[in-house]
Structure formats: C-alpha cells, structure tokens
Trainee: 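Pasting a structure below so you can have a look.
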Amino acid sequence: MQTFAKEVEIQVHHPEFEVSSSVQFLDPEKLSTGRHRIEIGKFKDGCCGRAAFAIIDDGRVVEIETEACEDAKGTATEEEAALFRLAMDKLAPTEQEPQPVQTFLANLNVGMPPPIGVSGCIKICLLGYCVTCCSSPADGLSCSLTRPSGPSTGTATPLMTFRQEIEFEVYKPDFEALASNAFLDVEKLSTGRHRVPVGRMEGPCGDDTVFANIRDGQVINLEAEGCDRKGDPVPSDVLEVFALAHNTMALSAKPPEPIAAFLGDLISIDVWGCFWICGFGYCLFCCTGDVITSGTSKCWVEKRKNSLF
C-alpha cells in the first residue's frame, strides 16, 4: 500500500547468557599455554539455547564459537545482516580485544556475558521487538526473533542506543468474504442494531473473524476479533509509523454505507485500521482501537517478511 522511510531508535544489548556450571572449576593456569576449545555455556535468546565454546590461545580468549540452531544456520536475511553489520560497526572498537583467560573466567563467574568482540552475538531491538544474531565461521550469520512486541526490552541497560532511518512497507491484510453473505436477509437488517460476521482477515493469530456493525440498515463500521492473547502496548515508534501510514494514504473513518451496497462490493472491502507494517525484514500486525474488540490499539510482531509475502 505504501513505502516510506522514518528514523527509529535502535538498542543493542548483550543476549541472555547461561554460564555452564563447570566454569567455576576451570583452572586458568592449565589454559595459559596452547590452544583449547572449552564449553562455557549457552546463549538463551532467540530460537534455541546456542551452545558457546571459548577458543583460548596461550591464555587469551580470542573467539567464542556459537552453534546455530538447526533450523537457523545461515538464515539471516539481507535486512538482518545489514542491521547486524551496522550495530557491530557502531560498537567497534569497544569490546573487540581478546581477554586474558583469568579475567574472562572471573567475569563469567560473576554473571558477565562474553564480550561481543569475541562472541559475535548481539541482541538488536527496534519497533518493540528484538532479534538475536550470532556470527560463527562454521554456521555463518544466523538471526532469530527473541521476544514479542512491547514497549521496552525490560530492565537491562543497552550497550548502545542510536537512531537510524529505515524503510517501511505497509500492507493491507488479506480478506476472505464468507459464503453465507450471499444469503443474508437485507430486510431483517434494515432496522435495529446487529453485529454480523462477514469475513475472515489474515491477522496475527491466523484467520480473525471480521464483523459488520449495522444500525438501521447502515454498516457503520467493521470490527475484528484480534488475538485471544493480549497484544503488547504499542511502542511510540510504531504508533508514529502507523499514524504516518494513515496520513500518507489519507485514511479516515468510513461513512455509514447501506447494507445492500456494502454486501455488493465486499470483494474490495478495506479492513479499516489494520495493517502489516514491515521494517528490517520483520512484520508487525497493528490495529487501531476502534477496529478490534479490545478497544485499544494493539500490535503483534509476527514473522519475517519473506515468510509472510
């Protein structure tokens, strides 16, 4: 429906890391010479628990090898790879130097995650969702959705925050009219208030039923069920994009329409106020509060764009 660019805030975090219980028993002296590959724990953000191994060369941790999830090896999209490179470039030269093994193990034992410079793993958050990306020589760059949409990434302080202009694409959801519409009695709908199912919309939880609210023979608005699960509060950046989409396309509330005319043109129906909003390869599904039954604007991060369109 529309393509435009907007500057949004991007946060870079350490991915959640779970230290192996064996780390506390490792002897730094025995690791001070030679080359070693030692399992140290796993990154828990993303598609699975990614096992992590420290590569130690003469007492210095020079790299973290991170195994990709079986279904995510080398699956980073162009957008994810570009975002990963952008974040890593902005982090450089911080946390890029190899660490003495004694310092490295001591940090792990007090809960500090491996430095990004040697682990190649970061969590990148924007538009209310986060993507965890890990780069390794064996598996390439793999990225996966870490968390659903929401107003923040929790209490963790980001390593870095910056603003970046990104391109957005806005799509209308697919809509399929119900076969039963052809058999509705228009006369029975000409007086009183009625709420009639008229179709299904492809939304965040599969096919959501769409209802026509009818008053004295006039369709005054459409309403979608939305998810049974609660949508998270809509991040301000998404609300701004949402408003920009509405303004750019000059969308406004539809005037009441006679039920007969409405049913006669159902093939071209607009599901007013609901959109897929795609940026950096992921899509959010958003509906304004006057469209979904909860009465509050909601957004759900769903899936990669290439699996949706």
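Hydrogens, waters and symmetry mates play no part in the numbers below; they use all other heavy atoms, side chains included.
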Trainee: Could you tell me if R195 sits above the aromatic ring of F211, with its cationic atom closer than 6.0 Å to the ring centre and no more than 45 degrees from the axis?
Mentor: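 Yes, R195 and F211 form such a contact.
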Trainee: Does any part of the side chain of T3, heavy atoms only, come nearer than 4.5 Å to the side chain of F168, both counted from C-beta?
Mentor: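 Of all side-chain heavy-atom pairs linking T3 with F168, none is under 4.5 Å.
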Trainee: Between A87 and I122, which heavy-atom pair has the shortest distance, and what is it?
Mentor: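 Nearest pair, atom of A87 first, then I122: CB-CD1, 3.7 Å.
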Trainee: With side chains defined as the heavy atoms from C-beta onward, is the minimum distance between F17 and L108 less than 4.5 Å?
Mentor: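 The answer is yes, as the side chains (C-beta and beyond) meet within the 4.5 Å cut-off.
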Trainee: So, taking the atom named CD1 in I214 and the one named NZ in K188, what distance separates them when rounded to the nearest 0.5 Å?
Mentor: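 Reported value, rounded in 0.5 Å steps: 13.5 Å.
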Trainee: Which distance, rounded to the nearest 0.5 Å, do you find between the CD of E169 and the CD1 of I277?
Mentor: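 It comes to 12.0 Å.
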Trainee: If you define the side chain from C-beta out and look only at heavy atoms, does anything of F43 sit under 4.5 Å from P113?
Mentor: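 Counting from C-beta outward, F43 and P113 never come under 4.5 Å.
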Trainee: What residues join V62 in its hydrophobic cluster, counting side-chain heavy atom gaps under 4.5 Å, either direct or through other members?
Mentor: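 Hydrophobic cluster check, V62: joined to I55.
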Trainee: Taking only Lys NZ, Arg NE, NH1 and NH2, and the carboxylate oxygens of Asp or Glu, determine whether R200 and E176 approach each other closer than 4.0 Å.
Mentor: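 The answer is no: the pair does not qualify as a salt bridge.
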Trainee: Please tell me if the side chains of H194 and I259 come closer than 4.5 Å, counting only heavy atoms from C-beta onward.
Mentor: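 No; the side chains remain at least 4.5 Å from each other.
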Trainee: Between P115 and F104, what is the shortest heavy-atom contact and its length?
Mentor: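 Closest approach of P115 to F104: CD-CE1, 3.9 Å.
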Trainee: Please round to the nearest 0.5 Å and tell me the distance separating atom CG of N107 and atom CD of Q102.
Mentor: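 Between N107 CG and Q102 CD, I get 11.0 Å after rounding to 0.5 Å.
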Trainee: Before you tell me yes or no, could you show the steps for C283 and C278 under disulfide bond (SG atoms under 2.5 Å apart), namely the whole-Å CA-CA distance, both residues' side-chain angles and the distance that decides it to 0.1 Å?
Mentor: CA-CA 4 Å; C283 295; C278 302; 2.0 Å; yes
Trainee: Both conditions, 6.0 Å and 45 degrees, for the charged tip of K90 above the ring of F162: are they met here?
Mentor: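 Positive - K90 is close enough to the ring of F162 and near enough to its axis.
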Trainee: Roughly how far apart are M112 CE and T103 OG1, rounded to 0.5 Å?
Mentor: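 Reported to 0.5 Å precision, the distance equals 10.0 Å.
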Trainee: Do you know which two heavy atoms are closest between F84 and S135, and how far apart they sit?
Mentor: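 Closest pair (atom of F84, atom of S135, distance): CZ-CB, 3.9 Å.
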Trainee: Where the side chain of N213 meets the backbone of I220, is there a donor-acceptor pair that is under 3.5 Å apart?
Mentor: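 Not at all, since once roles are kept as given, no pair shorter than 3.5 Å links the two residues.
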Trainee: So, the side chain of R60 versus the backbone of P98: is there a donor-acceptor pair under 3.5 Å, distance only?
Mentor: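 Yes: the side chain of R60 pairs with the backbone of P98.
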Trainee: Mind checking the CG-CZ spacing from N109 to F25? Nearest 0.5 Å is all I need.
Mentor: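 Separation between the atoms: 9.5 Å.
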Trainee: Are any of the side-chain nitrogens in E165 or K6 under 4.0 Å away from the carboxylate oxygens of its partner?
Mentor: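 Judged by the 4.0 Å cut-off on N to carboxylate O distance, E165 and K6 do not form a salt bridge.
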Trainee: Considering all heavy atoms of both residues, which atom of L159 and which atom of H13 are nearest to each other, and what is their separation?
Mentor: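 Shortest heavy-atom separation between L159 and H13 comes out as CD1-C, 3.9 Å.
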Trainee: Hey, is CZ on R163 packed in by over 12 heavy atoms from elsewhere, all under 6.0 Å?
Mentor: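 Counting other residues, nucleotides and ligands, CZ of R163 exceeds 12 neighbours.
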Trainee: Tell me whether E29 at atom CD has more than 12 heavy atoms from other residues, nucleotides or ligands lying less than 6.0 Å away.
Mentor: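 Atom CD in E29 is not packed in, count stays at 12 or less.
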Trainee: Are the side chain of D58 and the backbone of T33 linked by a donor-acceptor contact shorter than 3.5 Å?
Mentor: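 No: the side chain of D58 does not pair with the backbone of T33.
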Trainee: Compare all side-chain heavy atoms of V101 with those of L26 and state whether any distance is below 4.5 angstrom.
Mentor: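 Of all side-chain heavy-atom pairs linking L26 with V101, none is under 4.5 Å.
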Trainee: Evaluate the side-chain contact (heavy atoms from CB on, under 4.5 Å) criterion for residues M88 and V12: first the C-alpha distance (whole Å), next the side-chain angles of each, then the deciding distance (0.1 Å), finally the verdict.
Mentor: CA-CA 9 Å; M88 292 296 278; V12 180; over 6 Å; no
Trainee: Indicate whether the side chain of Y171 and that of Q2 have a donor and an acceptor atom separated by less than 3.5 Å.
Mentor: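 No, no side-chain donor-acceptor pair sits under 3.5 Å.
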Trainee: So do I40 and S20 actually touch side chain to side chain, heavy atoms under 4.5 Å?
Mentor: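 No, their side chains stay 4.5 Å or more apart.
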Trainee: Enter the distance from L141:CG to E80:CD here, rounded to the nearest 0.5 Å.
Mentor: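 Between L141 CG and E80 CD, I get 7.5 Å after rounding to 0.5 Å.
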Trainee: Can you tell me if the gamma sulfurs of C143 and C134 sit closer than 2.5 Å?
Mentor: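 Not so, these two cysteines form no disulfide.
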Trainee: Work out which heavy atom in P197 is nearest to a heavy atom in T209; give both atom names and the distance.
Mentor: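 For P197 and T209, the tightest heavy-atom pair comes out as CB-CG2, 3.9 Å.
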Trainee: Check whether any side-chain heavy atom of L83 sits under 4.5 Å from a side-chain heavy atom of L126, and report yes or no.
Mentor: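 SC-SC contact between L83 and L126 confirmed.
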Trainee: Please indicate whether E39 has more than 12 foreign heavy atoms, meaning atoms of other residues, nucleotides or ligands, lying under 6.0 Å from its CD.
Mentor: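 Correct, the count exceeds 12.
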Trainee: Is it true that R50 and S142 share a donor-acceptor pair across their side chains at a distance under 3.5 Å?
Mentor: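 The answer is yes; a qualifying pair exists.
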Trainee: Taking all non-hydrogen atoms of both residues into account, name the closest pair between R37 and F53 and its distance.
Mentor: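 Shortest heavy-atom separation between R37 and F53 comes out as NH2-CD1, 3.4 Å.
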Trainee: Might you work through the side-chain contact (heavy atoms from CB on, under 4.5 Å) test for K123 and C125, ending with a clear yes or no?
Mentor: CA-CA 7 Å; K123 180 165 68 174; C125 302; 4.1 Å; yes
Trainee: Taking the side chain as everything from C-beta on, heavy atoms only, tell me whether E9 gets closer than 4.5 Å to T161.
Mentor: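 Of all side-chain heavy-atom pairs linking T161 with E9, at least one is under 4.5 Å.
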